Protein chains: 2
Amino acid sequence: MNENVVLTPERILEVTEDVLRRFGLAKATVVDVARALDVSHGSVYRHFPSKASLREAVAKRWLDRANAPLAEIAESSGPAPARLERWLRAMIGIKCKKVCDDPEMFATYLALAQEACKVVKAHKDRLVDQISHILDDGAKQGAFDVADTKATARALFDATSRFHHPAHSDEWSDPDHAARVDAVLALLLRGLEAPRKR
Amino acid sequence: MNENVVLTPERILEVTEDVLRRFGLAKATVVDVARALDVSHGSVYRHFPSKASLREAVAKRWLDRANAPLAEIAESSGPAPARLERWLRAMIGIKCKKVCDDPEMFATYLALAQEACKVVKAHKDRLVDQISHILDDGAKQGAFDVADTKATARALFDATSRFHHPAHSDEWSDPDHAARVDAVLALLLRGLEAPRKR
DNA sequence: TGACTGACAGATATTGATATCTGTCAGCGA
DNA sequence: TCGCTGACAGATATCAATATCTGTCAGTCA
């Protein structure tokens with residue numbers, strides 16, 4: 001079957017993910033990937049200049065796929081506060097689900113992401129932009145009182161780091177993890193509220 | 001000189017810190033510590049049941065010493081909001097200074113702290129208690145509107161993790177680190193404010 | 001008597017010889 | 001011509017033999 005399919009970057013990435021899943025990050029070699037593709041490892045280097053760049057591309061694919069639902073929430077309509085909370089909870093939930101479902105795979109992803117810090121940085125910037133977009137909507141709706149949208153978006157991202165940054169993943173199984181998320185989100189959303197007489 | 005001084009846990013801890021500083025965490029052995037103390041390594045085991053417990057004790061000493069100024073701020077008087085901000089900035093500043101002054105030593109401390117997670121947990125609980133204390137004062141002063149003091153204190157600790165948790169230390173050299181701290185603290189302090197007509 | 005020593009067993013780290021991997025490239029075959 | 005192969009050099013990982021370390025304890029000495 002492999003024989004009649006041309007060798008494309010996309011196909012290499014698919015097979016690389018599979019090899020990573022089977023062998024683990026430490027054991028997976030370019031030779032393994034080439035063997036799974038039924039080509040020589042020289043051919044893989046025709047499409048990716050180095051093993052590092054191959055891994056980087058895999059990391060990017062993973063990040064994009066995992067966080068696709070977030071863009072949708074950011075673009076949706078309705079009251080911004082509820083949307084922001086939904087977005088933040090979704091981001092936290094995605095990470096938490098990943099680490100609970102398949103911790104070994106998550107460790108692989110984590111190590112990959114640490115290498116590919118350029119890719120991760122770009123990804124984070126996109127996420128912060130999505131928060132910015134919701135904040136802008138909220139300001140227009142009169143629900144949020146935000147001076148510097150961009151800085152505030154980053155502040156929200158930073159303040160929730162403990163719940164979405166992989167370095168903290170071993171703390172997510174804490175029995176009152178959910179309560180701690182609730183407490184932080186409540187505090188942050190209150191800090192954004194436009195002042196009103198009560 | 002060593003000969004006329006009795007072997008006490010405190011003296012062992014002092015010398016152990018020195019050995020760690022000179023040899024690094026990976027290379028420092030109980031035999032090294034004993035040699036520096038001019039005793040056999042068996043004697044060290046008379047005061048600490050294991051190498052792990054010795055390291056734990058060193059970690060505790062470090063944590064207590066480094067964060068002593070925080071207790072003072074927590075206990076001081078004056079308006080709670082300013083005090084809380086001072087306390088949080090002090091906590092962040094202590095960590096940041098440590099990593100900037102002596103990154104190698106900080107790495108040692110970090111590895112030690114990761115092993116001695118029980119000690120670290122107790123330490124964190126003490127810090128959260130200090131925040132709670134300030135929040136209580138703020139509530140009494142009418143400056144803060146806080147439903148669950150304990151949960152809110154922990155939320156403040158969690159929300160600032162990015163700026164004080166060692167796992168993020170490599171991000172503290174970011175050129176707009178200070179601006180990010182400002183943005184998060186502003187958001188959090190606004191979230192605590194008692195509502196008032198404006 | 002009680003703090004300390006030093007030899008010991010089992011666990012862990014180091015070392016150097018060997019094997020595998022990464023990245024390149026001249027040449028093959030469609 | 002152009003994508004692919006497979007041999008190669010240098011870098012990296014593995015493995016087993018050796019050395020060092022941890023933790024114990026019977027025995028020494030003040």
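Given the structure is predicted, the values throughout are model-derived calculations rather than measurements. Per chain, numbering begins at 1; letters A, B, ... match sequence-line order. Every heavy atom of this structure was used, including side-chain atoms; hydrogens, water molecules and symmetry mates were not.
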Do [X] and [Y] sit within salt-bridge range, that is, some charged N less than 4.0 Å from a carboxylate O?
X: B:Arg126; Y: B:Asp64; value: yes
X: B:Glu17; Y: B:Arg65; value: yes
X: B:Glu10; Y: B:Arg61; value: yes
X: B:Lys60; Y: B:Glu56; value: no
X: A:Lys140; Y: A:Asp136; value: no
X: A:Asp18; Y: A:Arg22; value: yes
X: A:Asp182; Y: A:Arg89; value: yes

Donor-acceptor list for residues 68-79 of chain B side chains, cut-off 3.5 Å, not counting sequence neighbours:
unit_1	atom_1	unit_2	atom_2	d
B:Ser76	OG	B:Ile73	O	2.8

Would a distance-only check, ignoring hydrogens and angles, find a side-chain to backbone donor-acceptor pair under 3.5 Å from A:Arg190 to B:Glu193?
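Present.
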Only counting residues at least two apart or in another chain, list the ones meeting ring-ring contact (aromatic ring centres under 6.0 Å, His included) with A:His164.
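Per chain and number, A:His164 pairs via ring-ring contact (aromatic ring centres under 6.0 Å, His included) with A:Phe157.
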So if I take the C1' atoms of five pairs at each end of the helix from C:dT1-D:dA30 to C:dA30-D:dT1 and get each local axis, what angle do the two axes make, rounded to 10 degrees?
20°
Measure the shortest side-chain to side-chain distance between A:Asp174 and A:Glu171 over non-hydrogen atoms and say whether it is less than 4.5 angstrom.
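With C-beta onward as the side chain, the pair stays apart.
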Strand contacts (DNA chain D) in residues 48-57 of chain B, 4.0 angstrom heavy-atom criterion
B:Ser50, B:Lys51
If a protein heavy atom is under 4.0 Å from the base, mark B; if only from the sugar-phosphate, S; if neither, -; do that for nucleotides 3-9 of chain D going 5' to 3'.
SBBBB--
Under a plain distance cut-off of 3.5 Å, with no hydrogens placed, do B:Thr29 and B:Asp32 share a side-chain donor-acceptor pair?
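A pair is found: one side chain offers a donor N or O, the other an acceptor, under 3.5 Å apart.
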Mind running a 4.0 Å heavy-atom check of residues 18-30 of chain A against DNA chain C and sending the residues that fall below it, in number order?
A:Thr29, A:Val30
